[in-house]
Amino acid sequence: MRWSQTLIPTMKETPADAEIPSHQLMLRAGLIRQLMAGAYTYLPLGTRAIRKASEIVRQEMDRTGAVELSMPALQPIELFERTGRRDAFGNVLINFPIRRRDHNVHLALGPTHEEVVTDLMSRLISSYRQLPMTVYQIQTKFRNEERPRFGVLRTSEFLMKDAYSFATTVEQLNESYQKMYDAYCRIYSRCGLEFIPVEAESGPIGGDASHEFMIPADNGEDRIVRCDSCGYAANLERADTGRNHQAPASTENQPPPETVDTPGLGSIEAVANFLKIQPSEMIKTLIYLADDKPVAVLLRGDHEANDGKIRRALSAQTLEMADNATIERSTNAPVGFAGPVELKIPILVDHDVSLMSTAVVGANAEDKHTTGVVPGRDFTFDTTFDLRNAEAGDPCPKCESKLEFVHGIEVGHVFKLGTKYSEALEAEFLDEKEQRHPLIMGCYGIGVNRIIAGLAETCHDENGLIWPVSVAPYEVELIPLNVSDPEVMKHAESIYSELQQAGIDVLMDDRDARPGFKFKDADLIGIPLRIIVGGKGLKEGIAEIKWRRGGDAEKIPLAEAANDAINKIQAEQNRLSNQ
RNA sequence: CGGGAUGUAGCGCAGCCUGGUAGCGCGCUUGACUGGGGGUCAAGAGGUCGCAGGUUCAAAUCCUGUCAUCCCGACCA
């Protein structure tokens with residue numbers, strides 16, 4: 001492609017609305033333009049990058065034996081009502097009535113395709129002999145993001161690869177899941193991305209039923225914890241803290257508790273300020289409803305509750321914060337003054353609470369707290385649990401080391417669904433004994449736009465983007481420095497057509513502009529390999545070949561330049577696909 | 001949905017407080033020069049100042065409303 005014949009609107013200045021590097025660079029390098037909040041046009045360079053990433057995804061999906069199909073973005077709302085997800089999605093689900101002849105049809109734009117694919121399979125699968133089966137598609141999804149942000153990272157319309165596996169047994173599901181997991185690792189490696197697979201909140205199936213794939217990036221929306229020494233990594237919601245049950249600290253020689261007035265001070269922070277103590281010297285008493293029964297959860301004052309862990313510790317189906325009436329009934333005090341001493345409902349204690357020798361707690365009376373409370377003496381418990389979010393410095397659950405926090409961009413998610421959708425939509429198969437069973441499903445998503453944005457976010461320098469060859473819009477940028485010099489153009493044209501014939505994606509900057517201008521643009525759009533043909537080199541009979549990522553330019557005889565570039569590109573492509 | 005900010009030429013911004021001719025840089029057009037890291041000179045084109053209403057002889061500027069965009073938070077199968 002010749003630069004003069006395509007559309008690459010580069011910008012010298014950074015648009016004011018773009019805050020993070022990927023957004024700024026994608027705009028400045030002419031990959032995208034915004035139409036409205038949460039919706040972007042992909043210009044030619046952006047489209048080419050998306051296409052390259054999609055093709056890698058497609059190849060790796062095919063390699064697992066998954067088969068590609070294409071389902072409608074338009075979906076009847078009834079499907080979402082049958083699975084209960086119309087409510088679950090709420091406002092996120094874009095849906096609207098349309099007029100058809102004399103009646104209304106209520107449609108949704110697909111936020112994902114569990115319903116459609118399950119409905120499809122319920123009609124097409126009847127025997128265990130057809131299974132296992134995995135299908136996938138690469139298609140635009142729609143979700144009404146309450147707050148689109150970070151450029152292309154969080155939008156209401158985005159390109160997603162979604163795959164769905166169907167199995168007769170949990171073993172079959174596990175096998176499909178593992179294949180997808182491995183394929184995801186290959187995909188991100190081939191895209192030149194650094195990535196971390198993390199254990200994610202897995203819902204009803206539990207165990208290893210869900211992993212997210214994260215690109216470590218300071219601007220990532222997700223917080224993950226990881227251990228540098230053993231490689232353990234998990235979503236913040238999911239991360240174990242590696243702490244164990246501790247017997248209560250010594251109860252000897254502590255003075256008895258005292259009740260103090262704390263008028264109107266119902267928060268940890270306010271009480272700590274008032275008593276001139278640290279929040280870590282207090283115990284937070286949270287009242288929950290677990291399967292509709294009240295229970296008190298005790299955490300150290302500076303810690304954050306983790307609802308998933310609490311729910312699992314109680315083996316409860318549902319868990320929610322108690323309403324004010326329940327709190328008042330359970331504690332005989334208004335919200336903000338709950339404490340564990342002589343509390344009439346069951347209490348659940350976090351590991352760290354038992355390590356406190358003495359603590360300040362709510363007194364279960366309005367405007368009063370109790371100081372000098374000793375866990376194990378003033379209230380008792382048999383065991384303790386991991387009930388809070390992990391924090392930096394917590395012990396690693398898998399080794400001796402400590403956990404650290406990193407931010408990440410979620411670029412993929414694999415999930416063992418089980419039979420939630422197949423039961424709701426009656427997608428069943430007949431086993432060898434003619435018994436009916438619901439299909440056992442898995443679902444697997446990759447945000448294709450996020451691969452591109454993630455690369456832009458993590459692979460750049462102060463001059464612009466630095467694409468890996470595998471997803472670069474073009475592999476080679478050929479720069480004739482003076483297009484009005486016939487000698488320069490003769491050699492440039494010949495290298496250009498040689499590269500094209502070899503199947504290399506080459507962009508020739510044929511604009512009549514000064515060299516410095518073209519160099520700046522080349523740095524900005526970040527094409528990995530650059531060939532320069534200019535007057536200086538011509539005198540020596542050479543072209544200069546240089547990687548965008550750095551290093552010195554090589555001087556290659558003009559006649560060999562194209563071949564040299566072809567070899568370099570192929571070697572780099574091989575390196576990325578074999579690593 | 002709560003909090004904050006910003007809307008003036010394609011992009012970045014000034015002007016607004018103190019009402020009176022709409023400005024700068026980049027980009028764009030034409031020409032000449034120039035030609036290895038965002039060139040120089042000359043001549044141009046381009047804006048109902050987000051929108052609506054109000055105050056005023058007069059509104060980019062003051063007031064009210066509204067819309068849009070961005071940021072923080074809540075939310076995110």
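Letters A, B, ... mirror the listed sequences (proteins, then strands); counts begin at 1. Computed from a predicted structure; not experimentally measured.
Residue A:E146 has its side chain nearest to B:C75 when only B:A77, B:C72, B:C75 are considered. Minimum atom distance to the side chain of A:F150 is reached by B:C72, of the listed B:C26, B:C70, B:C72. Proximity note for A:E13 (side chain, C-beta onward) versus B:C11, B:C70, B:G38: the nearest is B:C11. When the nucleotides B:C11, B:C70, B:G38 are ranked by their closest atom to the side chain of A:Y40, B:C70 comes out on top. Nearest nucleotide to the side chain of A:M36, out of B:U69, B:G38, B:G36: B:U69. Side-chain proximity of A:R147 to the nucleotides B:G73, B:G35, B:G38 is greatest for B:G73. Ranking B:C11, B:G36, B:U69 by closeness to the A:P515 side chain, first place goes to B:G36. Listed nucleotides: B:C26, B:G35, B:A77. Nearest to the side chain of A:Y421: B:A77. Between B:C72, B:A77, B:G35, one nucleotide has an atom nearer to the side chain of A:R85 than all others, and that is B:A77. Here the nucleotide nearest the side chain of A:S484, chosen from B:C70, B:G35, B:G25, is B:G35.
A salt bridge is defined here as a Lys NZ or Arg NE, NH1 or NH2 lying under 4.0 Å from an Asp or Glu carboxylate O, and A:R123 with A:D119 meets this definition. A salt bridge does not link A:D461 with A:R549: every distance from a Lys NZ or Arg NE/NH1/NH2 to an Asp or Glu carboxylate oxygen is 4.0 Å or more. A salt bridge links A:R85 and A:E115; the closest N-O separation between the charged side-chain nitrogens and carboxylate oxygens is under 4.0 Å.
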Checklist line | Residues A:Q137, A:D162; criterion side-chain hydrogen bond (donor to acceptor under 3.5 Å, both in side chains); working and verdict | finding: CA-CA 6 Å; A:Q137 60 177 353; A:D162 48 328; 3.2 Å; yes
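Using a 4.0 Å heavy-atom distance criterion, A:A18 is classed as making no nucleic acid contact. Residue A:G537 is in base contact, counting any heavy-atom pair closer than 4.0 Å across all strands shown. At the heavy-atom level, A:T14 lies under 4.0 Å from the strands shown only through sugar-phosphate atoms. Among the heavy atoms of the strands, none lies under 4.0 Å from A:R511. Among the protein residues, A:D485 comes within range of no part of the nucleic acid, since none of its heavy atoms lies under 4.0 Å from any strand. Nucleic acid contact class of A:E544 (heavy atoms, under 4.0 Å, all strands): base. Using a 4.0 Å heavy-atom cutoff across all strands shown, A:D512 reaches at least one base atom of the nucleic acid. No contact: A:E114 has no heavy atom under 4.0 Å from any strand.
The shortest non-hydrogen separation linking A:H113 to A:P72 is NE2-O, 2.8 Å.
In this entry the distance linking CD of A:E462 with C1' of B:G38 reads 15 Å, nearest Å. Atom pair A:L35:CG and B:C70:P shows a separation of 12 Å (rounding to whole Å applied). Between A:R149 atom CZ and B:G73 atom C1' the separation is 8 Å, expressed in whole Å. Rounded to whole Å, atom P of B:U69 lies 16 Å from atom CD of A:E19. Whole-Å rounding puts the A:I8 CD1 to B:G10 P distance at 22 Å.
Between B:A52 and B:U8, the distance separating the two P atoms is 15 Å to the nearest Å. Taking atom P on both B:U66 and B:C1, the two are 13 Å apart, rounded to the nearest angstrom. Of the P atoms belonging to B:U61 and B:C16, the separation is 12 Å, rounded to the nearest Å. Nucleotides B:A68 and B:A14 are separated by 23 Å at their C1' atoms, to the nearest Å. Remark: the separation of the P atoms in B:A74 and B:G37 is 49 Å, to the nearest Å. B:C49 and B:G20: their C1' atoms are spaced 16 Å apart (whole Å). If you take atom P in B:G12 and the same atom in B:G54, they sit 32 Å apart, rounded to whole Å. With both ends at atom P, the span from B:G7 to B:G50 equals 8 Å, rounded to whole Å.
Nucleotide B:A59 forms a pair with no other nucleotide shown, judged by Watson-Crick or G-U wobble geometry with both contacts under 3.5 Å. Applying the Watson-Crick and G-U wobble criteria (two distances, each under 3.5 Å), B:C33 pairs with B:G39. Here B:C51 sits opposite B:G65 as a Watson-Crick or G-U wobble pair (both hydrogen-bonding atom distances under 3.5 Å). Pairing partner, B:C75: none, since no Watson-Crick or wobble contact has both distances short of 3.5 Å. In this entry B:G23 has B:C13 as its Watson-Crick or G-U wobble partner, both defining distances falling under 3.5 Å. Pairing for B:G44 is with B:C28, a Watson-Crick or G-U wobble pair whose two hydrogen-bonding atom distances lie under 3.5 Å.
Residue A:D17 places no side-chain atom within donor-acceptor reach of the base of B:G7, judged by atom type and a 3.5 Å distance cut-off alone.
Stacking of A:R48 on the aromatic ring of A:Y474 is recorded, both the 6.0 Å distance cut-off and the 45° axial limit being met. A cation-pi arrangement is present between A:R223 and A:F405, with the terminal nitrogen or guanidinium carbon under 6.0 Å from the aromatic centre and inside a 45° cone about the axis.
For the pair A:H23 and A:N463, both in contact range of RNA chain B, the more 5′-proximal nearest nucleotide belongs to A:N463. For the pair A:K520 and A:A88, both in contact range of RNA chain B, the more 5′-proximal nearest nucleotide belongs to A:K520.
Screening A:R530, A:K12, A:K518 against A:D523 for a salt bridge (Lys or Arg N to Asp or Glu O under 4.0 Å) leaves a single residue, A:R530.
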